[in-house]
A.B. asks: 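To start, I am sharing the structure in question, which I have written as structure tokens.
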Amino acid sequence: MLALIDCNSFYASCERVFQPKLNGKPVVVLSNNDGMVIAKSNEAKALGLDIGLPYFQIKDELKKHNVAVFSSNYTLYGDFSQRVVATLRELTSDIEIYSIDEVFADLKGFAHKDPLAYGHEMRDTVKKWTGIPVSVGIAPSKALTKVANKLAKKGPGVVVLDTPEKIEQALIGFPIEDIWGIGHQRAKMLKALGINTAKQLRDMPDLWIRKKMTITGLRLVHELRGIPCIPLEMQPEPKQQIICSRSFGYFITEQKDMEQAMTYYASRAAERMRDQGLVTSDIMVFFETSRFNGPFYAPSKVMNLHRETNYTPDIVSATLAATRQIFRKGYRYRKGGIMLLGLSSAKERQYDLLSLRNEVQQESLMKALDGVNKKYGANSLFFAAAGIRKEWQMMRQMKSPHYTTNWQELPRCN
DNA sequence: TCTGGGGTCCTAGGACCC
DNA sequence: TCTGGGGTCCTAGGACCC
């Protein structure tokens with residue numbers, strides 16, 4: 001049996017821990033530039049407020065209903081998330097951290113316990129130790145724990161689906177669009193074919209599912225039948241890509257400002273990369289004009305750090321070079337960012353570099369080291385594992401006119 | 001010049017998740 | 001005036017090789 005422990009209205013609950021007077025009151029949390037709603041309490045939901053609504057459109061209504069409004073504070077939510085995980089680890093060691101507010105747990109070591117009672121124990125302990133209310137769904141597969149959890153959120157707090165009868169009963173009335181893995185497009189397609197409930201989907205033939213919904217859909221359907229196909233991942237896999245992007249909050253029209261913004265993203269992404277012990281081979285730089293204002297312009301450039309440059313530059317230099325290449329005067333840019341691709345472990349990469357046999361490669365590596373060293377000082381090459389710490393120092397000390405740790409303090413350009 | 005199967009690698013794009 | 005910021009997996013199609 002598996003359990004899914006999911007925090008209720010997570011961001012709103014975090015804010016409420018410090019302001020208990022908001023319990024029972026509507027609360028919403030806003031995205032980065034206070035752009036839109038990204039979390040809401042049940043009371044806010046009852047007022048018809050939902051995720052995705054632009055703040056400027058509902059500002060007056062929020063005031064009218066006395067809704068508590070918060071700007072997002074990810075540091076706080078991350079901290080609470082860790083506390084919830086730490087609490088659950090006290091109860092069971094086999095867990096997968098699925099998202100900032102969800103944890104899967106393997107209950108196979110607890111077969112002697114009544115699952116319902118154990119679910120309540122988890123729920124009560126988390127609430128007591130962290131102040132965060134959670135719901136618990138218990139079932140044989142991940143997809144079914146998702147179903148159980150959704151039902152638990154409607155009131156009981158804990159729902160156990162451990163017999164074919166209970167599962168059947170749960171799936172009969174379960175709307176297709178609420179299934180984990182069925183999004184907007186699939187729900188539309190299935191409904192058009194007369195499939196409206198989880199039970200109907202579960203009972204479709206394998207070949208049909210495979211054809212209409214690919215292998216992912218087939219896995220999902222098997223999960224609904226109680227056959228686990230999506231394993232618990234207790235050791236997180238290393239990241240395949242790292243993205244750092246933001247909406248600007250105002251329009252960027254000058255290349256200089258774009259370079260400053262991109263420099264900021266590049267250093268943040270590189271910082272995260274180093275924290276995870278990774279190095280990168282490609283950087284994608286992208287920015288776009290407003291998509292809510294007619295057609296939008298979304299240039300992007302992928303730079304391979306070996307192929308496209310004569311030397312291996314640091315992430316910031318490569319980002320700046322790409323930015324200059326795709327920036328177009330005359331556009332009003334609204335959003336931008338960078339993505340690190342082709343990530344691999346710094347350790348492995350170090351062996352790679354040491355084992356370069358090809359003379360041309362070795363020569364270009366030497367040239368790279370030389371070029372970057374002249375520019376930024378010894379060992380600042382980010383790509384060699386040995387240079388990673390140096391690069392970090394370089395970022396701090398760099399006197400580049402494009403470098404700022406807080407580009408958002410830049411004067412508005414229009 | 002035409003014919004052909006099969007394999008791998010890469011990329012773009014779609015769909016989904018929180 | 002003002003509309004989030006992360007991620008993953010899968011497929012199709014093209015290039016290239018034997």
Side-chain angles (χ1 to χ4, degrees), chain A residues 4-11 28-40 50-60 62 69-74 77-78 81 96-104 142-143 146 149-150 176-190 209-220 229-231 233 236-251 265 268-269 272-273 276 281-282 284 286 288-294 296 298 300-302 304 307 332 334-343 412 414:
Chain A
L4 171 62
I5 301 96
D6 189 325
C7 302
N8 301 344
S9 310
F10 183 54
Y11 297 169
V28 297
V29 179
L30 302 175
S31 66
N32 222 288
N33 287 313
D34 286 352
M36 60 177 236
V37 176
I38 53 166
K40 84 256 178 220
D50 207 353
I51 290 167
L53 287 170
Y55 180 47
F56 73 92
Q57 273 177 18
I58 54 168
K59 220 171 183 167
D60 295 339
L62 293 174
V69 179
F70 291 91
S71 298
S72 45
N73 180 350
Y74 287 99
Y77 311 147
S81 178
E96 171 187 340
I97 302 166
Y98 177 66
S99 74
I100 194 163
D101 68 337
E102 284 166 281
V103 169
F104 284 109
K142 279 187 173 179
K146 279 274 185 183
N149 198 286
K150 203 133 204 162
I176 196 100
E177 66 269 22
D178 287 352
I179 301 173
W180 184 49
I182 303 290
H184 211 76
Q185 299 302 318
R186 298 252 192 265
K188 211 166 81 184
M189 184 264 294
L190 291 167
I209 297 290
R210 171 68 242 243
K211 215 166 136 186
K212 294 272 182 195
M213 299 169 65
T214 81
I215 190 73
T216 1
L218 189 57
R219 270 202 284 267
L220 175 62
C229 300
I230 306 169
E233 270 156 34
E237 294 291 313
K239 287 261 185 286
Q240 299 181 21
Q241 48 179 251
I242 290 172
I243 298 172
C244 186
S245 72
R246 297 277 185 286
S247 294
F248 297 138
Y250 55 91
F251 290 109
Y265 302 139
R268 296 313 302 243
R272 263 192 270 158
M273 181 187 78
Q276 298 171 38
S281 63
D282 299 77
M284 184 163 97
F286 57 93
E288 59 188 50
T289 61
S290 174
R291 59 175 69 233
F292 296 97
N293 223 345
F296 72 104
S300 75
K301 173 156 182 71
V302 179
N304 181 287
R307 262 200 315 267
R332 291 148 57 86
R334 193 110 232 334
K335 182 181 177 178
I338 79 155
M339 187 192 291
L340 303 180
L341 305 148
L343 294 172
R412 293 180 175 242
N414 56 344

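FYI, side chains are in, hydrogens and waters are out, and symmetry mates aren't considered; it's all heavy atoms of this structure. A note on names: the letters A, B, ... follow the listed sequences, proteins ahead of strands, and every chain is numbered from 1.
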A.B. asks: Check every atom of dC17(B), dC16(B), dC2(C) against the side chain of Lys146(A) and return the nucleotide holding the closest atom.
C.D. replies: dC17(B)

A.B. asks: Report the distance from atom CD of Gln185(A) to atom P of dT11(C), rounded to the nearest whole Å.
C.D. replies: 17 Å

A.B. asks: Closest approach of Trp180(A) and Ala143(A), non-hydrogen atoms and distance?
C.D. replies: CE3-CA, 3.8 Å

A.B. asks: Would you mind reading off the distance between Phe251(A) atom CZ and dT1(C) atom P, rounded to a whole angstrom?
C.D. replies: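 So the CZ-P distance, Phe251(A) to dT1(C), works out to 10 Å.
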
A.B. asks: Could you check whether Ile182(A) gets within reach of a base, just the sugar-phosphate, or nothing at all, counting any heavy atom under 4.0 Å?
C.D. replies: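 Since only primed, P, OP1 and OP2 atoms lie under 4.0 Å of Ile182(A), the category is sugar-phosphate.
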
A.B. asks: Charged N to carboxylate O below 4.0 Å: is that the case for Lys142(A) and Glu233(A)?
C.D. replies: no

A.B. asks: What dot-bracket string describes DNA chain B from 5' to 3', counting Watson-Crick and G-U wobble pairs whose defining distances are under 3.5 Å, with [ ] for crossing pairs and | for pairs to another strand?
C.D. replies: ....||||||||||||||

A.B. asks: So how far is it from Ile179(A) CD1 to Lys150(A) NZ, rounded to the nearest 0.5 Å?
C.D. replies: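 Between Ile179(A) CD1 and Lys150(A) NZ, I get 10.0 Å after rounding to 0.5 Å.
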
A.B. asks: Do you know the tightest heavy-atom contact between Lys212(A) and Arg186(A)?
C.D. replies: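 That would be O-NH1, 4.0 Å.
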
A.B. asks: Lys59(A) has an atom NZ; how far is it from atom C1' of dT1(C), in whole Å?
C.D. replies: 10 Å

A.B. asks: Sugar-phosphate atoms are those with a prime plus P, OP1 and OP2; base atoms are the rest. Using that split, label each nucleotide of nucleotides 3-8 of chain C B, S or - for protein heavy atoms under 4.0 Å, 5' to 3'.
C.D. replies: BBSSSB

A.B. asks: What is the distance, to the nearest angstrom, from the CD1 atom on Ile97(A) to the P atom on dC18(B)?
C.D. replies: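 These atoms are roughly 17 Å apart.
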
A.B. asks: For a quick check of understanding: with a heavy-atom distance under 4.0 Å over all strands, which category does Arg186(A) fall into, base, sugar-phosphate or nothing?
C.D. replies: sugar-phosphate

A.B. asks: So does Arg334(A) get a backbone contact from the side chain of Ser290(A), meaning a donor-acceptor N/O pair under 3.5 Å?
C.D. replies: no

A.B. asks: Whole Å only: how far is the CD1 atom of Ile179(A) from the C1' atom of dC17(B)?
C.D. replies: 15 Å

A.B. asks: Mind calculating the distance between CD (Glu233(A)) and C1' (dC9(C)) to the nearest angstrom?
C.D. replies: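 Roughly 12 Å, once rounded to whole Å.
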
A.B. asks: Which atoms form the tightest heavy-atom contact between Asn33(A) and Ser247(A), and what is the distance?
C.D. replies: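 Closest heavy-atom pair between Asn33(A) and Ser247(A): ND2-O, 3.1 Å.
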
A.B. asks: If you measure from the C1' atom in dG4(B) to the same atom in dC16(C), how many Å do you get, rounded?
C.D. replies: 16 Å

A.B. asks: Hey, what do you get for CD1 (Ile215(A)) to CG (Leu220(A)), rounding to the nearest 0.5 Å?
C.D. replies: 11.5 Å

A.B. asks: Distance check needed: dC18(B) C1' versus Lys40(A) NZ, whole Å only.
C.D. replies: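 Taking NZ of Lys40(A) and C1' of dC18(B), I get 12 Å after rounding.
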
A.B. asks: Can you label the angle between the Tyr11(A) ring and the Tyr77(A) ring as parallel, tilted or perpendicular, going by 30° and 60°?
C.D. replies: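 Geometry flag for Tyr77(A) against Tyr11(A): parallel rings.
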
A.B. asks: How long is the line joining NZ of Lys212(A) and C1' of dA15(B), in whole Å?
C.D. replies: 16 Å

A.B. asks: For Val28(A) and Ile58(A), what are the C-alpha separation, side-chain angles and deciding distance, and is it a side-chain contact (heavy atoms from CB on, under 4.5 Å)?
C.D. replies: CA-CA 11 Å; Val28(A) 297; Ile58(A) 54 168; over 6 Å; no

A.B. asks: Side chain of Tyr98(A), heavy atoms from C-beta onward: which of dA15(B), dC17(B), dT11(C) has the nearest atom to it?
C.D. replies: dC17(B)

